[in-house]
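Remarks on the structure that follows.
These numbers were taken from a predicted model, which means no experiment stands behind them.
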Amino acid sequence: MSTAERVVVDPVTRIEGHLRIEAQTDESGRITQAYSAGTMVRGIEIILKGRDPRDAWAFTQRICGVCTLVHGMASIRAVEDALHRAIPDYRIPHNAELIRNLMIAAQYVHDHVMHFYHLHALDWVDVVSALKADPKATSALAQSLSSYPKSSPGYFADVQKKVKTFVEQGQLGIFSNAYWGHPAYKLPPEANLMAVAHYLDALAWQREAVKLHAIFGGKNPHPNFVVGGVPSPISVHSEGGRGKGPHFRGGQEATAVNVVGLQTVQNVIRMMRDFVDQAYLPDILAIAGFYKDWGSRGEGLGNFLSFGDLPSKSFWDTDSYLIPRGVVLGRDLSKVHPIDLDADAEIQEFVSHSWYKYSQGDATGLHPFKGETELAYSGPQPPYKHLDVDKKYSWIKSPRWQGKAMEVGPLARVMVMVASGNAQARELVDSTLKTLDVPVEALFSTLGRTAARALESKILADAMQGWFDTLMANIKAGEVKTFNDQYWDPSTWPKHMQGVGLQEAPRGGLSHWLVVDDGLISNYQAVVPTTWNAGPRDAAEQPGAYEAALQHNHVLHDPKQPLEILRTVHSFDPCLACAVHVTDPDGEELIQVKVC
């Protein structure tokens, strides 16, 4: 018989950053209380004070190497929003909005595919079991699901041979340190082999997917950005880069996007759509069919927030967003609540259980425009067995919307899309529920969260073709402008301005809140998706999204192999990489790395 105990998972692996989960179980192994702790601290906001706002994107992108584009995009949008609030006729060229949409959507699809196959799938797929599979039966299974070309018996036999070599040599490498053989794994060997094969295919696929960022942004990770548009001049000269003169080598054509680059972008879009349609989405549905019981656990809060993104016109024209802005409360898909970005009591961050100090008292919630970042570690000295969860226990703050804890991310976006009447989202959700033969309540679960990521990938991969076609039509019509240099010089700015840069990042709603005085940053607050989802309890003791989800119908088979915890935590795709600056309790740096 099990005994009540505190189960600690630290570090949670197959995520970005440093996350600790402590879960209290009863005698049956059921989780009764869960606590999420970010164990390192972000210092980017402090670093940015006093700097030129036009340079902020280059710093904020270093918040994370996996969310390689989103912080840079949110940062330039924050400066642009500040300018737009002060100078309403300030606009971003349409071509720049289209290119941004393509880069954002490419990041989504790339991130979601990589997350599923390389981070989350191993919670459902038993790699060692694939050795027992019949390659012919695996081929028949794969061909029954889609027209994916790599589905022959010989292909699966080759993959199985690779895995067998790993296992026999005791060198599982990328497949090591998992709970193979755990009774919670339910897939037959053939489904395991198919998923492992697609895991390996996705590694090669992602090398091609990132070319879109390199073409429009110069590189990946951390592509280049510019306030006022995109640093992607468009060339109408197919011969750019040869000979002498302004349209040849040494001129603007040397770094411009030309017909060759645009054709590569088209090829990447087709490749992305094919993989989502033929591998990712069919795999999700096939695997989910064996884990339908996970449609009744891991719900969490039932409250969903989306800032909205991907405008067909201007970013300030929210009606043109593909992903709508709004809030769904208590699972009620009949109503979308509006978001007021400026009201002091609308969006707030609390630090009642976070290692920060507010000048007005730690029970107070602060709007991000008035946010403070004063480090105040009061936790136990490492090494320690448990955190004191009755006090402060995380480096993550607790964001709230109108005092309510919210979930952000793919499930939140799909729910807001459905509630807003998006036809494709509704059709995909309905067909998924029908295929899996599960009730609508299964959407609000670990299973639903994982499925939503794939459905969203389908929506965005399809939308990319439309944006690309519009961009090409603009170019053919002679419209090649991608940058607005009006008000580029800070001498043209008002003495004081503030703005918020919003971006629906792959992991959820991201917001950068900027205050500028005399042309320099006086306050900067980044409220990231994992802050919303992984944050600790607030002043009212409301749990964050991770905590609430883990407290919903989880029974651990073996506390020493907490696969159930990993499944739900990974369904959020955690990114704790805000942890880029290490301090001691007095706020002093513990280490400096000198590069010679």
Side-chain angles (χ1 to χ4, degrees), residues 41-64 67 69-92 96 100 217-218 222-231 307 315-316 341-342 344 347-349 351 356-360 366-376 397 399 483-503 510-528 531 578 580-581 583 587-589 592:
V41 59
R42 180 181 65 225
I44 291 289
E45 290 125 326
I46 301 171
I47 294 171
L48 285 171
K49 285 187 177 182
R51 293 187 182 273
D52 189 325
R54 298 170 300 175
D55 295 337
W57 67 268
F59 291 88
T60 60
Q61 278 208 114
R62 273 65 187 177
I63 287 174
C64 178
C67 312
L69 168 145
V70 299
H71 289 288
M73 188 71 71
S75 184
I76 59 172
R77 282 177 171 173
V79 182
E80 292 164 355
D81 185 59
L83 287 169
H84 180 71
R85 288 170 181 239
I87 310 166
D89 65 348
Y90 179 74
R91 289 289 187 272
I92 306 304
R100 289 180 181 185
H222 302 318
N224 294 302
F225 291 105
V226 64
V227 172
V230 291
F307 287 127
F315 191 76
W316 295 288
L341 297 171
D342 295 303
D344 280 350
I347 295 175
Q348 296 178 315
E349 286 191 299
V351 296
Y356 299 92
K357 181 167 62 176
Y358 279 171
S359 60
Q360 301 176 32
L366 293 181
H367 187 279
F369 276 142
K370 301 176 181 178
E372 300 173 5
T373 307
E374 183 175 350
L375 312 181
K397 296 180 181 179
F483 172 63
N484 180 4
D485 61 357
Q486 189 179 26
Y487 307 115
W488 167 256
D489 191 331
S491 65
T492 65
W493 298 355
K495 188 176 182 64
H496 171 84
M497 62 181 189
Q498 63 184 35
V500 54
L502 302 174
Q503 152 110 66
L510 169 66
S511 53
H512 284 211
W513 306 77
L514 167 77
V515 180
V516 177
D517 288 296
D518 297 321
L520 299 176
I521 297 171
S522 58
N523 196 9
Y524 202 104
Q525 297 291 318
V527 185
V528 306
T531 313
C578 313
V580 296
H581 188 69
T583 66
E588 299 297 326
E589 279 190 318
Q592 290 186 342

Exercise for review: Let me see the working for Phe59 and Ser75 under side-chain contact (heavy atoms from CB on, under 4.5 Å), right down to the final yes or no.
Suggested key: CA-CA 9 Å; Phe59 291 88; Ser75 184; over 6 Å; no
Is a side-chain donor or acceptor of [X] paired with a backbone partner of [Y] at a separation under 3.5 angstrom?
X: Asn484; Y: Arg91; answer: yes
X: Gln498; Y: Trp513; answer: no
X: Glu372; Y: Ser359; answer: yes
X: Thr531; Y: Val527; answer: no
X: Arg54; Y: Trp488; answer: yes
X: Asp344; Y: His367; answer: no

Review point. Would you call Asp517-Lys495 a salt bridge at under 4.0 Å N-O?
Key: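 No, Asp517 and Lys495 are not salt-bridged.
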**Study point:** Glu80 and Arg100 ion-paired at < 4.0 Å
**Key:**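 Salt bridge present between Glu80 and Arg100.
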Indicate the atoms forming the closest heavy-atom contact of [X] with [Y], along with that distance.
X: Leu502; Y: Ser511; value: CD2-CB, 3.6 Å
X: Asp485; Y: Phe483; value: CB-CE2, 3.4 Å
X: Lys357; Y: Ala376; value: CB-CB, 3.9 Å
X: Pro368; Y: Ile347; value: CD-O, 3.4 Å
X: Ile76; Y: Val226; value: CD1-O, 3.8 Å
X: Trp493; Y: Pro53; value: CZ3-CG, 3.8 Å

Could you check whether any side-chain heavy atom of [X] comes within less than 4.5 Å of a side-chain heavy atom of [Y], counting everything from C-beta outward?
X: Lys397; Y: Val351; result: yes
X: Phe369; Y: Asn523; result: no
X: Tyr356; Y: Leu375; result: yes
X: Arg77; Y: His512; result: no
X: Leu69; Y: Gln503; result: yes
X: Leu366; Y: Gln360; result: yes
X: Ile87; Y: Thr492; result: no
X: Gln61; Y: Pro223; result: yes

**Study point:** Test side-chain contact (heavy atoms from CB on, under 4.5 Å) applied to Thr373 and Lys49, step by step
**Key:** CA-CA 11 Å; Thr373 307; Lys49 285 187 177 182; over 6 Å; no
**Study point:** side-chain contact (heavy atoms from CB on, under 4.5 Å) evaluation trace for Ile92 with Phe315
**Key:** CA-CA 8 Å; Ile92 306 304; Phe315 191 76; over 6 Å; no
Straight-line distance of [X] [atom1] to [Y] [atom2], nearest 0.5 Å:
X: Ser522; Y: Leu514; atom1: OG; atom2: CG; value: 7.5 Å
X: Tyr90; Y: Leu83; atom1: OH; atom2: CG; value: 5.5 Å
X: Glu45; Y: Thr60; atom1: CD; atom2: OG1; value: 10.5 Å
X: Leu48; Y: Ile521; atom1: CG; atom2: CD1; value: 5.0 Å

Exercise for review: Kindly indicate, with the supporting measurements, whether the criterion side-chain contact (heavy atoms from CB on, under 4.5 Å) is fulfilled by Trp57 and Val79.
Suggested key: CA-CA 10 Å; Trp57 67 268; Val79 182; over 6 Å; no
Review point. Have Asp81 and Trp316 got a donor and an acceptor in their side chains that come within less than 3.5 Å?
Key: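 Their side chains do contain a donor-acceptor pair, which is all the 3.5 Å distance test asks for.
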